[in-house]
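Okay, so here's the structure we're looking at.
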4 protein chains.
Amino acid sequence: MSKEKILHAATRVFSEYGYHRASMDEIAQQAQVAKGTLYYNFPGKSQLFKAVVKAGFEDIMERTKTDLSSALPIKEQILRVLRHHLDLFLDSRHFAHIVFNEISNGIEPDVLDELKQLRREHLSFLAGILREAQCEGGIMRDVDADLAAASTIGMLESTCNYYLSHQEEYSREDLENFVFTVVAEGLFKSLD
Amino acid sequence: MSKEKILHAATRVFSEYGYHRASMDEIAQQAQVAKGTLYYNFPGKSQLFKAVVKAGFEDIMERTKTDLSSALPIKEQILRVLRHHLDLFLDSRHFAHIVFNEISNGIEPDVLDELKQLRREHLSFLAGILREAQCEGGIMRDVDADLAAASTIGMLESTCNYYLSHQEEYSREDLENFVFTVVAEGLFKSLD
Amino acid sequence: MSKEKILHAATRVFSEYGYHRASMDEIAQQAQVAKGTLYYNFPGKSQLFKAVVKAGFEDIMERTKTDLSSALPIKEQILRVLRHHLDLFLDSRHFAHIVFNEISNGIEPDVLDELKQLRREHLSFLAGILREAQCEGGIMRDVDADLAAASTIGMLESTCNYYLSHQEEYSREDLENFVFTVVAEGLFKSLD
Amino acid sequence: MSKEKILHAATRVFSEYGYHRASMDEIAQQAQVAKGTLYYNFPGKSQLFKAVVKAGFEDIMERTKTDLSSALPIKEQILRVLRHHLDLFLDSRHFAHIVFNEISNGIEPDVLDELKQLRREHLSFLAGILREAQCEGGIMRDVDADLAAASTIGMLESTCNYYLSHQEEYSREDLENFVFTVVAEGLFKSLD
DNA sequence: AATGAATGAGTCTTCATTCAT
DNA sequence: AATGAATGAAGACTCATTCAT
């Protein structure tokens, strides 16, 4: 009960302020529990943060998995993965930022390792989908699937970030089209 | 004199610890000046950080510009831009991280705006080069140059990051080839 | 049932950490009861501590009494008292320390008074034995029995403490001989 | 300047409350400096405590040394040492208690080691004087000088403690006589 | 131009205690 | 008789910033 409330509040607060500016006081207040209750449910700030990030990764992976099905053509599956991540980066911009980026700053090393592990798992998940695409249809280029997953995530986040501060200039459809194009065909017509 | 030393030390310290974990004490110590001297030369921590980031952006832009010349074919110019940014992300990993990412966390809003402006200028610079490529040769796809610049930066950083924690699996050449392929041709052979 | 378990665990925990560093959490855990059970059986931490100290005093007094008997020559009785206290200070070093010394630190005043009373009773018990020695045989010097009891306890504890951190240099027998000599004859051959 | 004030205040506060109940807030208040000033001058609570204890040991040793001189007969020297320690235990009861006893509780292990070292040095100092007495005059029994020093300190403190809570029953002279007797001749007329 | 002692608001964390069940 | 979730006061410590020199 309290744990739920705390996790929700912590997600909000970490998203808004980032790890370091977020204070346990603020989280307790927003969760409407006493500060001690935070420490009754989580060992400390960094562990609470880890729980938030973990829930975030699990959520995006769960949502993506649910929407996929082997019945779909690989091409469609990848489009859906992209769309899910776009949703995440657009709807929960700040949350996505902490989940994908705040992982590197000044967090206790032991927790940091676990966070990196979570990120690795997420990338593996994406890479797995890409690898399938390579095996099956021969649709995909023969690039390293892990690098491809990593590069795609960074590309998506950066692009969404830019989009969000220039919303008047693009529509959501523009964004999707751009992303699909870049992923699919790259920037150049030909470089040879 | 002092200003130089402080700027160098601040770059080192911010790179190592990130904005929030970096302390003015540590910076003063590494710069071998008294703490008061920091405040004599810079109004405060966030302003000092801004100066560091600004110098960072200027450096990468300067280095890139120097290496370009209208004599070169556009294609080659873009390769060089990519290579310069790869260098930055690989050699000064942490520095690049704060320059490109720490900009969004929990920094005082007034300074944050100026930092965002700096990032915008850098993206404009890159977008400018891409736009040239579009005008001139018809080599490039007709995607939005600004989005393309933003997406490329994100892709580069994320890819380098992954590469740096998996160096045993890839060579630097692998990395370059991958990046060039992705930028040039995207991930798919065809999606239609 | 629970009370017993708690008392045992509390003794262990107080002995290991001292009064202030010992936590009710730790005690509950070691006693394998819920924290609430502690408060069901004892009014609070200081009262629990008092119970532990009381049991400690009673134990050493009981053990000593059991081993004495009016049949024994006074001299032998005193040797036995010394030996019992040596055993206590050596075998249950930390426990003895809290029983005899932690009594004065920063404990709630109300409980502190009761603890001091317990110590007083123990000293009275020892002084009683000494007084007997004085009456009966004329073996003992005509010093104040209460002061003598107090001084002896302090001497024993301090000596055992030193011994315990220099065990490689002395045998247990050395220690006993030293203590008996000091008690019996003092440090000097003659001071007149 | 501040350092002095802090050290004085800390001595007062630690003496009154013991290590754990003493709070940095209270010390800062009594020293009339801001809390930050405490940490500017001392790395932390335990280090501040160490400084207090160190000053205490140095003070008693200094005062004792000053009063001794090789011209005096050994017997007189030892009487003076005893008197100085009596003064300390009587005049600065609480301070002496923390200096000699609080050394064992729940202090950070690294600092604890240094504190133990200080105590060791003090005992060595006392043992040195005793050893002289053994060499020179043959006045002293052939007991281990280190054990003798340790036992004497414990005896003194314990006796003073008892005296202080029963002042109506003894005079200071009674106390001195008792202590001298015990040290000199022990408790028994003869035990053989 | 430079210093560094001093500050105090802000943070994380601990823990004895309570109480509804 | 026993539980354990929840509390909140209290405490140690950090650090950007100020200012007299």
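To find a chain, count down the sequence lines: A is the first, B the second, and so on, and within it residues start at 1. The figures that follow rest on heavy atoms only: side chains count, while hydrogens, waters and symmetry mates do not.
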Measuring to OP1 and OP2 of dA1(F), would you say a side-chain N or O of Tyr40(C) lies under 4.0 angstrom away? yes

Among dC15(E), dT13(E), dT14(F), the nucleotide that comes nearest once only the side chain of Tyr39(D) is considered: dT14(F)

Let me confirm one number: the CD-CG distance from Glu157(B) to Leu88(B), rounded to the nearest 0.5 Å. 9.0 Å

Are there runs of at least three consecutive Watson-Crick or G-U pairs touching DNA chain E, with each pair's two distances under 3.5 angstrom? Give them by first number. E:2-21 with F:2-21

In whole angstrom, give the distance that lies between atom OH of Tyr17(D) and atom P of dA12(F). 13 Å

Could you tell me the separation between the CZ atom of Phe100(B) and the CG atom of Asn161(A), rounded to the nearest 0.5 Å? 13.0 Å

When you get a sec, tell me which of dC12(E), dG4(F), dT7(E) is the closest nucleotide to the side chain of Ala34(C)? dG4(F)

Starting from the 5' end of DNA chain E, give me the residue, Glu108(A) or Asn41(D), whose nearest nucleotide shows up first. Asn41(D)

Could you state the atom-to-atom distance from CG of Asp25(C) to C1' of dT13(E) in whole Å? 13 Å

Gln29(A) atom CD is separated from dT7(F) atom P, nearest whole Å, by 13 Å

In whole angstroms, the gap separating P of dC12(E) from CZ of Phe42(A) amounts to 15 Å

Quick one: does Lys45(C) reach the base of dT17(E) with a side-chain donor-acceptor pair under 3.5 Å? no

Taking only side-chain N and O atoms of Ser23(C), does any of them lie within less than 4.0 angstrom of OP1 or OP2 on dT14(E)? no

5' priority, DNA chain F, between Gln32(A) and Ala22(D) [closest heavy atom]: Gln32(A)

For Gln32(A), is the CD atom crowded, meaning more than 12 foreign heavy atoms sit under 6.0 Å from it? no

Could you grab the distance from atom OH of Tyr17(B) to atom NE2 of His94(B), nearest 0.5 Å is fine? 11.5 Å

CZ/Phe14(B) to NE2/His20(B) distance, rounded to the nearest 0.5 angstrom? 10.0 Å

Could you state the CD-C1' distance from Glu4(C) to dA1(F), rounded to the nearest angstrom? 16 Å

Toward the 5' end of DNA chain E, by each residue's nearest nucleotide, Thr37(D) or Tyr19(A): Thr37(D)

Length of the CE-P vector between Met24(A) and dT14(F), whole Å: 18 Å

May I have the distance from Leu48(B) (atom CG) to dC15(F) (atom P), rounded to whole angstrom? 16 Å

Rounding to a whole Å, what distance do you find between Gln47(C):CD and dA16(E):P? 15 Å

Between Gly44(D) and Leu38(C), which has a closest nucleotide on DNA chain F that is more 5'? Leu38(C)

Side-chain-base donor-acceptor pair under 3.5 Å for Lys35(A) and dT13(E): yes

Any donor-acceptor N/O pair, Ser92(A) side chain to Phe95(A) backbone, under 3.5 Å: no

Quick one: is the NZ or CZ of Lys3(B) closer than 6.0 Å to the six-membered ring centre of Phe42(B), and within 45° of its axis? yes

What's the spacing between Asn41(C) CG and Glu4(C) CD if we round to 0.5 Å? 10.5 Å

